[in-house]
Amino acid sequence: MDNQQLKELPELGVGLGYRANLRSEIFFHQDKIDFLEIIAEHYIDMTPEKESELELLKNHFILIPHAINLSLGTAETIDQEYLIKLAKLIKYLNPPWWSEHICFTKAGGIDIGHLSPLPFTNEAIDVVCNNIAQIKKIIDTPLILENISYLLTLPGQEMDESEFISRILEKSDCGLLLDVANVYINSVNLNYDPITFLKNLPLERVIQLHFAGGHWYKSVLIDSHSQNTPDEIWDLMKKTIELCNPRGIILERDENFPEFCELLNEINHARKIKLSTKQCV
Amino acid sequence: MNILLNNPIANLHGSDFLRFYIVVIILTTLSCYIHIRIINNKDSNVPSIPINPDPYEIAFLKGKTTEVVKLAFLKLIQLNYVQVEDNKICFINRIIPNSTLSSLEKYFVDYYSDPKNFHDIINTAAKLKITKEYCHRYSLKLQKYNLLNSTESQINLLKWNIFGSLLLFSLGAYKLIVSLINGYNNVGFTAILMVISPLILYSICHNIRITKNGKKYLKNLRFAFKDIKKQSKHLVASDPKFLLLAGLFGVSSLAGTPYESYSNIFVSDGSGDSGSSCGGGCGGGCGG
């Protein structure tokens, strides 16, 4: 994805990660939500009800598929059957881009059911990039990759995370879905400076941002998408937008759902940050 | 007279006539069905889900003036103009401030005086001229968006239905009479087909008011606002979402809410409305 291709991607604004229990409120406030991100796996092997849901959403919103189980870091290559189903879904939605995580969720034929961190090694970069090359043969739509949150650093690291992500993005020629909350949470749990981390990334490749609030468990900050976005993450988002030009920003919320107006307030706040920051820049 | 008793149809033997009769039934029903499909499948898009869906418009689409009247009384109950006691409606407040009442609701407050059986009220109110006039705007709008068939189309379809039913019944009756005159008593199957075939035609072709788009639109609305039914048990009584809930899914969907006694009127009497699965809303989580 060269600079020209990046420039051609549309500005989507600020949206929300779609969750079925928010459906009615989303439709009541369609005018305040610029686009939706859907979990791709929820619409693979669909029931008739899910088909109706997807059709209805597609007719009212721009939908960005967010995959969680391709397992880009799995050395045994991508599940072809799964990939074909995902390609069919993406073709149907015709989104400007789609996303997956830099992680692995499957190994040795076992589905871990969790976004697990990869060792920051050259071998892992090759595995991820080979898998992406395989995906790109089947899915033309631009793929953007998301940084995950993790609680442990694996032994035998050959580089730090920002270099690992940068090299994957450059080698696979993908965009970046920068999860600002994950950057903040990792910086707290692993004790590093989030701004330095950001500046070491190829920020010209940032296409989309994620933001959310996590919760504390003892002395660990958990990326649970269960709380309102804290000031620290708002600040980090502002600094990120000063450094790059994300085409879309998504609020993620999975648990402890508040009154919908609180989610709308967060969406609106992100919109204001983007507008004010861009004006200043 | 001779030609009535002596012609190709009259002379057909029992089993031959039954075969011929069944072919006529199939062709008549099929032609009515195709005619309905052609009218219903006018090329137009299903409208988008509106941000502020109008419960009254949806109620009218779903069930004509009767559903609109049910909703109007629900609103009067919400605003404490009306109370439900033993299946009867009592007006407890007749002072109308410059409120949010529509002209129809204001009229009902003025028009009905003594406590009345609710079904009497619904039946009379739905037939009032003012109710029909008030709902005319919905009718026009829904026709414009191809959600309801136009009055002309409905009449046209009704004519087809009546003509088809008469044709099938007359053919059977004619053969029955001719057979009896000629001394044949084995006319059981003909008699059965004569009665059943118009009913089959009616069951397939009677739904001529709502278009295919209208049904799809209702389905979309119900799906989009499905989870409001779950929320309804926690809403405050004055929440306008109750109106949309009843508009979309019928008054029976108010069971378990502060308006359960109102919903029970229809359930206990067996006149439950067409409410099906879930609920709707009209403002949003933040009262907007």
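Convention: sequence-line order gives letters A, B, ...; per-chain numbering from 1.
The environment of K64(B) atom NZ is sparse: at most 12 non-hydrogen atoms of other residues, nucleotides or ligands sit within 6.0 angstrom. The local environment of OH in Y145(B) is sparse, with at most 12 non-hydrogen atoms from other residues, nucleotides or ligands closer than 6.0 Å. The environment of CD in E255(A) is crowded: more than 12 heavy-atom neighbours from other residues, nucleotides or ligands sit within 6.0 Å. Atom NZ of K50(A) sits in a crowded spot, with more than 12 heavy atoms from other residues, nucleotides or ligands closer than 6.0 Å. Within a 6.0 Å sphere centred on NE2 of H215(A), heavy atoms belonging to other residues, nucleotides or ligands number more than 12. Other residues, nucleotides and ligands contribute more than 12 heavy atoms inside 6.0 Å of the CZ atom of F257(A).
Residues S24(A) and Q231(B) have side chains in contact (heavy-atom distance under 4.5 Å, counting atoms from C-beta outward).
Just one residue in the list Q30(A), K32(A), H29(A) forms a side-chain contact (heavy atoms from CB on, under 4.5 Å) with I51(B), and that residue is Q30(A).
Considering CG of N59(A) and CG of N45(B), their distance stands at 8.5 Å, rounded to 0.5 Å. Remark: I26(A) CD1 to I49(B) CD1 distance equals 13.0 Å, nearest 0.5 Å.
K216(B) and E55(A) are joined by a salt bridge, as a carboxylate oxygen and a charged side-chain nitrogen come within less than 4.0 angstrom of each other.
For the residue pair S52(A) and K219(B), the shortest heavy atom distance occurs at OG-NZ, 3.9 Å. Between R23(A) and D227(B) the shortest heavy-atom distance is N-OD2, 4.1 Å.
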